[in-house]
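First the proteins, then the strands, lettered A, B, ... as listed; each starts at 1. All values below come from the heavy atoms of this structure, side chains included, with hydrogens, waters and symmetry mates left out.
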Protein chains: 2
Amino acid sequence: MAGRAVVPEVIWARPERAGRGPKAAYSRADIAEAGVRIADAQGLDAVSMRHVAAELGCGTMSLYNYVPRKEDLHELMVDAISGEHELWEPSGDWRADMVRVAHQTRALMVRHPWLPRLMSPVYGFSPNALRYLEHCLTCLDPFDGTYGTKFELIAMLNGMVTTYVGNELATAERVRSLPWSEERENAVRGAYLGGQVAGGGYPRLAAAFVEDSGPIDLEGVFERMVLRVLGGF
Amino acid sequence: MAGRAVVPEVIWARPERAGRGPKAAYSRADIAEAGVRIADAQGLDAVSMRHVAAELGCGTMSLYNYVPRKEDLHELMVDAISGEHELWEPSGDWRADMVRVAHQTRALMVRHPWLPRLMSPVYGFSPNALRYLEHCLTCLDPFDGTYGTKFELIAMLNGMVTTYVGNELATAERVRSLPWSEERENAVRGAYLGGQVAGGGYPRLAAAFVEDSGPIDLEGVFERMVLRVLGGF
DNA sequence: TCGTAGTTACGTACAGCGTACGTAGTGCGC
DNA sequence: GCGCACTACGTACGCTGTACGTAACTACGA
């Protein structure tokens, strides 16, 4: 009957369990894992409070004892995945180390394709995110610059990787979910584009389509983009 | 009674109106404007099919005659906003022009804060997006490289701007929607972070907080990031 | 030791969502 | 002028997040 407590904005600032009352049946790790399991298997949209609660084996509303809002559930999931980052002994070559960080992040996102959609700077202070940040800073020890600059570097690299892999995955997903063949889709798009471009209003686009040859080397593009970001520092 | 037609995946490949039947009461532009109006005034989450239909003054399901899926409504909105890009005569200095493009895109996103959330490479072939692309390519005429490289440059710059402004806006929105003061929020976050960092597990993060001084110059950071992206080419 | 306060657990309920489907009305092309 | 393709739109379904009330449980202050 008594009013429910107003919760802190950040879930990490809440104690995981209180002293009074029945023992909590699940840990945050349990809940995060349940969410991750569902997202991996059925996609992010399948991660509903009902679904996660069912996966845990409890009633829907019981979940709200652990996670005040769905957004916090997402935050738990991102943190859990952040824990999958492998943290190695820095090599002394910060560029090489940051390239490795980028590739690892990309691999993480390919393994958990829902991750780019949840990436947000707001989630930047979860326990595992802090560990990851500290690791990046450690790799950047040889880098000559302020911490402010180092943070800018990390943010740019992360942002670029997230955007790139997000696009990569969205495109792949789009192709996979087509109710018709990829060839037909490409034909429709190509016809539309061709029609637009043929109008003569876009001479450079027209030239670009003529120049275009063969499938895009996604790996190569990614590698180049990483190097370009790092090249700016 | 007869089965409804299977629609093409891309809305731009559909003719806007057909010859038969009653005159269509609204144009795509009308619909896009209605969506934009709602999004600007009440946020992206308020843009529901029901809401947009009401704004137009028609029944909910009538909207589906124009827009087969909500995703397509979003695409119309993005295209409408893309039309707000000012297209100027290139200066001959591609770097300067691309810096201008970046600033303009940022301004666009500040004016329509829901835009970053809808940005997707999948929407990249709408009429106004094509115009914008052609304009960027025109600015890049003095750039020595293939169209493939030019596309990579545009994609990186756009991605970086979208990510950056998205973060900027999300942070601002978070602060605005707090049920308590920003100071209290910062205090809670600071206390949590301080506690974590004080544990000694994150020496570099601890050092960074000591170094940290004063509020961040968002303009300056943005400008630096743009120049760094362009510097990679 | 015992009340009681703070928790956990969870069913019910509500408002909102996207959209499938059926039906009625309208006007162009044959 | 017939018929078909299109517009218009009400109803309905299954889903969502979550507010709220209630019952069971346990650690702490008296």
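A salt bridge links A:Glu219 with A:Arg106: the closest approach of a Lys/Arg side-chain nitrogen to an acidic carboxylate oxygen falls below 4.0 angstrom. A salt bridge links B:Arg174 with A:Glu71: the distance from a Lys NZ or Arg NE/NH1/NH2 to an Asp or Glu carboxylate oxygen falls below 4.0 Å. Electrostatic pairing of B:Arg131 and B:Glu134 does not count as a salt bridge here, judged by no charged N lying under 4.0 Å from a carboxylate O.
Both A:Ala46 and A:Met61 lie close to DNA chain D; mapped to their nearest nucleotides by heavy-atom distance, the more 5′-ward contact belongs to A:Ala46.
Distances shorter than 4.0 Å separate some side-chain N or O of A:Lys23 from OP1 or OP2 on D:dA27. The shortest distance between the side-chain N/O atoms of B:Tyr66 and the OP1/OP2 oxygens of D:dA8 is below 4.0 Å. Here A:Thr60 does not reach the OP1 or OP2 of C:dC10: none of its side-chain N or O atoms lies under 4.0 Å away.
The distance between atom CD of B:Glu16 and atom P of D:dT7, rounded to the nearest whole Å, is 11 Å. At whole-Å resolution of the value, CG in B:Asn65 and C1' in C:dG27 are 15 Å apart. Following rounding to the nearest Å, A:Glu71 (CD) and D:dT16 (C1') show an atom-to-atom distance of 16 Å. If you measure from atom CZ of A:Arg14 to atom C1' of C:dT7, you get 12 Å, rounded to the nearest angstrom. Atom NE2 of A:His74 and atom P of D:dT18 are 10 Å apart (whole Å). Distance B:Leu44 CG to C:dG16 P: 18 Å, rounded to the nearest Å. In this structure, B:Asp45 places its CG atom 11 Å from C1' of C:dC17, rounding to the nearest Å. When rounded to the nearest whole Å, the span between CG of B:Leu56 and C1' of D:dC9 equals 14 Å.
At a cut-off of 3.5 angstrom, counting only N and O atoms as typed in the model, there is a donor on one side and an acceptor on the other between the side-chain of B:Arg50 and the base of C:dG18.
Set against C:dC10, D:dA8, C:dT19, the side chain of B:Met49 has C:dT19 as its closest nucleotide. For A:Ser62, the side-chain atoms get nearest to C:dC10 when compared with the rest of C:dC10, C:dG6, C:dT19. Distance from the side chain of A:Tyr64 is smallest to D:dT18 among C:dG18, D:dT18, C:dT8. Checking D:dT16, D:dT18, C:dT19 against every side-chain atom of A:Ser48, the shortest atom distance belongs to D:dT16.
In this structure, the side chain of B:Asn128 engages the main chain of B:Asp79 through a donor-acceptor pair within 3.5 Å.
Taking the six-membered ring for Trp and thresholds of 30 and 60 degrees, B:Phe222 and B:Tyr164 have ring planes inclined between 30 and 60 degrees apart.
Residue contacts for A:Ala53: at a heavy-atom cut-off of 4.0 Å it reaches no nucleic acid atom on any strand shown.
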